[in-house]
Amino acid sequence: IGAGIARRFAREGAALVLNARTELDLIALQREIAGMGGQARIVVADIGTATGVEAVLAACAKGPGHIDILVHNAGIYSFAPIEQLTDEIWHQVMETNLTSALRLTRGLVAGMRERRFGRLLFTSSVTGNHVAVPGATHYAASKAGLNGFIRAAALEFAADGVTVNGVEPGLVETPGALAITTAEERATMARFVPMKRWGIAEDIAGAMLYLASRDAGYVTGQTIVVDGGAL
C-alpha cells in the first residue's frame, strides 16, 4: 500500500522521503520513481522503535525543503489467540502500528504549525473500528487506537492549518495478503464484497491523495473507508 501511495504522490509532483525496513525494496521503488521523473530519498529504519523514528526524522531534517505531508502507513499483522498473545507480541504491534504515529507526529508537527499548513495522514483499518477478526485482537486494538489518535490530534492542530485524517482499507491485495491466503480463499472472501474484488494499493492511494490536497482543507478528524462496499 505504501509503495502505491508513493507512486501516486510522485506522479502528482511530490518530493518523497521513503521509509521501510528492507533496503532492496526501497531502492527498487526509488529507481521506479526516478524513472517517472520523480524525486525520492530513502531511509532504511524500523519505525517500530524509537531509534528508527529518530532516523527518519533526522533524514527529513537534513534534506532540502520541509515536510508538508506525513503518510504513516506502518503496520504489522500476525495471528495470535488471546491465550497465546504474549506481552512481546502485543508491544511489538502497538509500537509499530500506533506509537510510531505519535513519535512521527511529535517530530514533524511543530514545523507544520509554524508554516500553518500540514497534512498528517494515517493508514488505519476497518478491523478494530467496524469489524473484528479472531486472533487479531492486538491488531484491532492498535487500529482502533489510531482512529482515536486521529480524532484527538485533529482538535489540537485544527486552528493552525494542520489537518489529521486517515483511510480505513478493507481487503487489499498486497504481497503480505498473498503470502497468507490461497487463491481459493481470496476468491471466497471477494464474494462478500459488493464489488466482487479485492482492493489494490492504488485504491488507497487515491483516497490519501484527496486528503493530502488543498481540496480537503476543511476536512479533519475523519477516516475514509475504502472497502468496495463491504461494510
Side-chain angles (χ1 to χ4, degrees), residues 1-2 5-6 8-10 12-21 39-76 91 93-125 128-129 141-169 204-205 207-224:
I1 290 175
I5 294 169
R8 184 64 189 276
F9 277 50
E12 297 294 330
L16 307 174
V17 178
L18 304 173
N19 161 246
R21 293 174 296 179
Q39 301 176 51
R41 291 180 286 127
I42 63 174
V43 187
V44 181
D46 179 3
I47 65 166
T49 66
T51 54
V53 172
E54 289 168 6
V56 172
L57 293 174
C60 291
K62 286 178 185 174
H66 51 259
I67 303 298
D68 293 304
I69 302 162
L70 165 69
V71 178
H72 174 275
N73 184 69
I76 56 174
H91 288 306
V93 168
M94 289 299 168
E95 286 284 302
T96 301
N97 298 6
L98 183 57
T99 306
S100 60
L102 165 66
R103 288 171 173 154
L104 286 167
T105 298
R106 199 167 53 198
L108 294 173
V109 75
M112 294 179 177
R113 295 178 97 167
E114 184 178 342
R115 292 184 295 272
R116 301 197 64 77
F117 180 88
R119 298 286 186 263
L120 300 170
L121 306 178
F122 302 91
T123 302
S124 184
S125 178
N129 294 297
S142 72
K143 293 300 185 176
L146 193 56
N147 276 25
F149 178 82
I150 288 167
R151 287 191 292 271
L155 294 179
E156 291 197 25
F157 308 142
D160 296 314
V162 179
T163 63
V164 189
N165 294 292
V167 176
E168 296 179 34
I204 311 307
M208 285 289 189
L209 183 66
Y210 164 68
L211 292 172
S213 73
R214 292 188 182 274
D215 290 338
Y218 201 53
V219 178
T220 196
Q222 305 301 311
T223 56
I224 299 176

Which heavy-atom pair separates [X] from [Y] by the least distance, and what is that distance?
| X | Y | answer |
| --- | --- | --- |
| Asn129 | Ser124 | ND2-OG, 3.3 Å |
| Cys60 | Val17 | SG-CG1, 4.2 Å |
| Lys143 | Thr123 | NZ-O, 2.9 Å |
| Thr163 | Gly217 | CG2-O, 3.9 Å |
| Ala154 | Thr220 | CB-OG1, 3.4 Å |

Solution key, residues 95-112 side-chain donor-acceptor pairs under 3.5 Å, sequence neighbours excluded:
| unit_1 | atom_1 | unit_2 | atom_2 | d |
| --- | --- | --- | --- | --- |
| Glu95 | OE1 | Arg103 | NH1 | 2.9 |
| Glu95 | OE1 | Arg103 | NH2 | 3.4 |
| Thr96 | OG1 | Gln92 | O | 3.1 |
| Asn97 | OD1 | Ile76 | N | 2.9 |
| Asn97 | ND2 | Ile76 | O | 3.3 |
| Asn97 | ND2 | Ser142 | OG | 3.1 |
| Thr99 | OG1 | Met94 | O | 3.4 |
| Ser100 | OG | His72 | NE2 | 2.8 |
| Ser100 | OG | Thr96 | O | 2.5 |
| Thr105 | OG1 | Ala101 | O | 2.7 |

Tell me every residue that passes salt bridge (Lys or Arg N to Asp or Glu O under 4.0 Å) with [X], counting only those two or more places apart in sequence or in another chain.
| X | result |
| --- | --- |
| Arg214 | none |
| Arg151 | none |
| Glu156 | none |

Just to verify, what does [X] make a side-chain contact (heavy atoms from CB on, under 4.5 Å) with, not counting sequence neighbours?
| X | value |
| --- | --- |
| His66 | Asp68, Arg115 |
| Ala6 | Leu16, Leu18, Leu29, Ile33 |
| Asp46 | Arg21, Thr49 |
| Ala45 | Asn19, Val43, Ala55, Val56 |

Which residue pairs pass the ring pair (Phe, Tyr, Trp, His ring centres under 6.0 Å) test with at least one member in residues 93-115, sequence neighbours excluded?
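Qualifying pairs: none.
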List for me each residue that meets side-chain hydrogen bond (donor to acceptor under 3.5 Å, both in side chains) alongside Arg41, sequence neighbours excluded, and say none if there are none.
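For Arg41 there are no side-chain hydrogen bond (donor to acceptor under 3.5 Å, both in side chains) partners, ignoring immediate neighbours.
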Does Tyr210 form a side chain to side chain contact (heavy atoms under 4.5 Å, CB included) with Val219? I'd like the steps, not just the answer.
CA-CA 10 Å; Tyr210 164 68; Val219 178; 3.5 Å; yes
With sequence neighbours excluded, residues passing ring pair (Phe, Tyr, Trp, His ring centres under 6.0 Å) with Phe149
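Once residues adjacent in sequence are excluded, the partners of Phe149 under the ring pair (Phe, Tyr, Trp, His ring centres under 6.0 Å) criterion are Phe122.
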From [atom1] ([X]) to [atom2] ([Y]), nearest 0.5 Å:
| X | Y | atom1 | atom2 | answer |
| --- | --- | --- | --- | --- |
| Asn147 | Thr223 | CG | OG1 | 5.0 Å |
| Ile224 | Asn165 | CD1 | CG | 7.0 Å |
| Leu155 | Ile150 | CG | CD1 | 12.5 Å |

Got a donor-acceptor contact below 3.5 angstrom from the Arg119 side chain to the Ser213 backbone?
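The answer is yes, because a donor-acceptor pair under 3.5 Å joins these two groups.
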Can you check whether Val162 reaches Phe117 side chain to side chain, under 4.5 Å on heavy atoms?
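Val162 does not reach Phe117 side chain to side chain.
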Tell me whether Glu12 at atom CD has more than 12 heavy atoms from other residues, nucleotides or ligands lying less than 6.0 Å away.
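Enclosed.
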Donor + acceptor pair across side chains of Ser125, Glu168 (<3.5 Å)
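Ser125 vs Glu168: no donor-acceptor pair found between side chains.
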